[in-house]
2 protein chains.
Amino acid sequence: MVIEIDFNSDEALYLQLRNQIIMGIATSQYQEGDSLPSVRQLADMVGINMHTVNKAYTVLKQEGFVKVDRRRGAVIAIDVDKLQTIAELKKELRVILAKGSCKNITREEMHELIDEIYEEYGGLE
Amino acid sequence: MVIEIDFNSDEALYLQLRNQIIMGIATSQYQEGDSLPSVRQLADMVGINMHTVNKAYTVLKQEGFVKVDRRRGAVIAIDVDKLQTIAELKKELRVILAKGSCKNITREEMHELIDEIYEEYGGLE
DNA sequence: TTCGTTGTTATACTTATCTTATCACAAATG
DNA sequence: CATTTGTGATAAGATAAGTATAACAACGAA
């Protein structure tokens with residue numbers, strides 16, 4: 001999978017990595033059991049430090065997206081806690097929906113936006 | 001409007017303020033033309049520094065939620081740029097939907113989540 | 001005018017986070 | 001054996017966040 005870093009972004013490098021990997025999992029570019037590149041490999045690929053990659057992996061582990069195997073490195077392993085996930089998503093969505101509402105985005109348009117992204121992701125479920 | 005700060009949160013204080021004010025606008029607790037508390041007042045109310053409040057107001061101004069009047073302070077004034085707003089929302093939603101999808105949240109459940117929040121906000125449009 | 005309040009700017013300091021760097025170690029692979 | 005793995009310790013620099021104090025012009029009210 002192609003991972004690219006925007007050094008001009010105000011988003012932290014390790015968060016850019018985290019988000020891209022999560023989107024990679026969602027779009028099946030990474031599947032349960034797949035190994036991520038080693039921290040040193042990925043660091044070389046995108047041109048950043050090993051520890052920054054390690055930080056991204058550590059976050060992904062804490063959030064239940066990967067598990068770390070001594071010999072296989074970071075392996076995609078989703079730990080599903082639906083209730084907790086929903087609570088987290090709700091908190092983030094509240095701000096996003098409020099922002100949209102202020103800018104005259106209707107409820108219907110928001111639903112359309114969701115669908116557009118799902119289409120973008122290729123008919124994901 | 002009641003504004004509260006969680007000092008234990010990992011979210012920056014000025015972003016907590018920004019988000020709460022945006023949600024306040026969305027829920028009509030603040031309406032177009034209303035004045036926000038002065039930076040010094042709000043700083044005293046929530047127990048933080050004046051400049052942290054000022055930073056929140058500056059961000060709200062840059063994002064088109066308030067305008068600043070010399071005599072009236074920060075006044076709610078929404079600058080609607082729908083295309084830009086949609087682009088921004090999309091970028092944030094992509095990560096959120098991916099996160100949900102990984103955790104077995106279906107498209108339908110995501111739509112339900114949206115509706116729940118709208119209900120929470122009191123039948124907002 | 002005088003007094004108080006407004007947003008704004010400037011400076012300085014502390015603290016925390018982010019990122020890089022270098023070194024090292026045990027465990028596993030070949 | 002040599003190499004690569006994740007992980008840890010430690011140090012350093014850079015940036016962001018937050019506080020503190022001071023000052024200014026503009027405005028409202030006394």
Side-chain angles (χ1 to χ4, degrees), chain A residues 1 3-22 30 33-77 79 95, chain B residues 1 3-22 30 32-79 95:
Chain A
M1 178 191 158
I3 293 181
E4 282 177 351
I5 293 295
D6 178 6
F7 290 98
N8 294 326
S9 170
D10 55 342
E11 195 172 31
L13 302 184
Y14 79 96
L15 287 180
Q16 290 187 43
L17 285 184
R18 183 200 77 141
N19 291 340
Q20 288 193 41
I21 291 169
I22 289 178
Y30 284 121
D34 285 354
S35 290
L36 293 175
S38 79
V39 289
R40 292 174 175 84
Q41 275 181 355
L42 185 49
D44 282 347
M45 285 167 56
V46 299
I48 62 177
N49 190 273
M50 185 193 82
H51 291 97
T52 306
V53 178
N54 189 258
K55 187 166 187 177
Y57 283 8
T58 301
V59 171
L60 285 168
K61 183 167 59 177
Q62 288 174 336
E63 295 179 336
F65 291 99
V66 306
K67 281 178 182 165
V68 177
D69 186 330
R70 254 283 167 208
R71 53 208 152 197
R72 302 192 48 219
V75 179
I76 308 295
D79 177 30
V95 180
Chain B
M1 178 190 157
I3 294 182
E4 282 177 350
I5 293 295
D6 178 7
F7 290 98
N8 294 326
S9 169
D10 54 343
E11 195 173 31
L13 302 184
Y14 79 97
L15 288 180
Q16 291 188 43
L17 286 184
R18 184 200 76 142
N19 291 341
Q20 289 195 40
I21 290 169
I22 289 177
Y30 284 122
E32 189 94 11
D34 285 354
S35 290
L36 293 176
S38 80
V39 288
R40 290 174 176 86
Q41 276 182 355
L42 185 49
D44 281 348
M45 285 167 54
V46 300
I48 61 176
N49 189 274
M50 184 193 82
H51 291 97
T52 307
V53 178
N54 190 258
K55 188 167 184 174
Y57 283 9
T58 302
V59 170
L60 285 167
K61 183 167 59 177
Q62 288 173 335
E63 296 179 336
F65 291 99
V66 306
K67 281 178 181 166
V68 178
D69 186 330
R70 255 283 169 206
R71 54 209 150 195
R72 303 192 47 220
V75 179
I76 308 295
I78 311 292
D79 177 31
V95 180

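Quantities reported herein were computed from a predicted structural model and do not represent experimental measurements. Just so we're on the same page: letters track the sequence lines, and every chain starts at 1.
Residue contacts for Lys67(B): at a heavy-atom cut-off of 4.0 Å it reaches no nucleic acid atom on any strand shown.
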- Message: For nucleotides 18-26 of chain D, give me one character per nucleotide, 5' to 3': B if any protein heavy atom sits under 4.0 Å from the base, S if the only such contacts are to the sugar-phosphate, - if neither.
- Response: SBBBBB-B-
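Each end of the helix from dT1(C)-dA30(D) to dG30(C)-dC1(D) gets its own axis, taken as the rotation carrying the C1' atoms of four end pairs onto the next four within a five-pair window, and the two axes meet at 30° to the nearest 10 degrees.
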- Decide yes or no on side chain to side chain contact (heavy atoms under 4.5 Å, CB included) for Phe65(B) and Ile78(B), but give the supporting numbers first. CA-CA 5 Å; Phe65(B) 291 99; Ile78(B) 311 292; 4.0 Å; yes
- Query: What do the steps show when you test Leu36(A) against Leu42(A) for side chain to side chain contact (heavy atoms under 4.5 Å, CB included), and what is the final call?
  - Reply: CA-CA 9 Å; Leu36(A) 293 175; Leu42(A) 185 49; over 6 Å; no
Side-chain donor/acceptor pairs under 3.5 Å, residues 45-54 of chain A, sequence neighbours excluded:
from	atom 1	to	atom 2	distance (Å)
Asn49(A)	OD1	His51(A)	N	2.8
Asn49(A)	OD1	His51(A)	ND1	3.1

Please set out all donor-acceptor pairs under 3.5 angstrom arising from side-chain atoms of residues 12-21 of chain B, sequence neighbours excluded.
from	atom 1	to	atom 2	distance (Å)
Gln16(B)	OE1	Asp6(B)	N	2.9
Gln16(B)	NE2	Asp6(B)	O	3.0
Gln16(B)	NE2	Glu11(B)	O	3.0
Arg18(B)	NH1	Glu63(B)	OE1	3.0
Arg18(B)	NH1	Glu63(B)	OE2	2.7
Asn19(B)	ND2	Glu11(B)	OE2	3.0
Asn19(B)	ND2	Leu15(B)	O	3.4
Gln20(B)	OE1	Glu4(B)	N	3.2
Gln20(B)	NE2	Glu4(B)	O	2.4

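In this model, the phosphate group of dT5(D) is approached by a side-chain N or O of Gln41(A) to a distance below 4.0 Å at OP1 or OP2. One finds a side-chain N or O of Asn54(A) lying less than 4.0 angstrom from the OP1 or OP2 phosphate oxygen of dT7(D).
Remark: C1' of dT7(D) and CZ of Arg72(A) are 19 Å apart, rounded to the nearest angstrom.
Across all non-hydrogen atoms, the minimal contact from Tyr30(B) to Pro37(B) is OH-CD, 3.8 Å. When all heavy atoms of Val75(B) and Gly33(B) are compared, the pair lying nearest together is CG1-O, 3.4 Å.
Applying the side chain to side chain donor-acceptor pair (under 3.5 Å) definition to pairs two or more places apart or across chains, those involving residues 35-45 of chain A are Ser35(A)-Arg72(A).
Here chain A contacts DNA chain C (any atom closer than 4.0 Å to a heavy atom, that is under 4.0 Å), and the contacts span dC18(C) to dT29(C) from 5' to 3'.
With sequence neighbours left out, Lys61(A) forms a side chain to side chain contact (heavy atoms under 4.5 Å, CB included) with Val66(A), Val68(A). Not counting sequence neighbours, Asp79(B) has no partner by the salt bridge (Lys or Arg N to Asp or Glu O under 4.0 Å) test.
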Using a cutoff of under 3.5 Å, can you pull out all pairs of nitrogen or oxygen atoms linking the protein to nucleotides 11-13 of chain D, with atom names and distances?
none

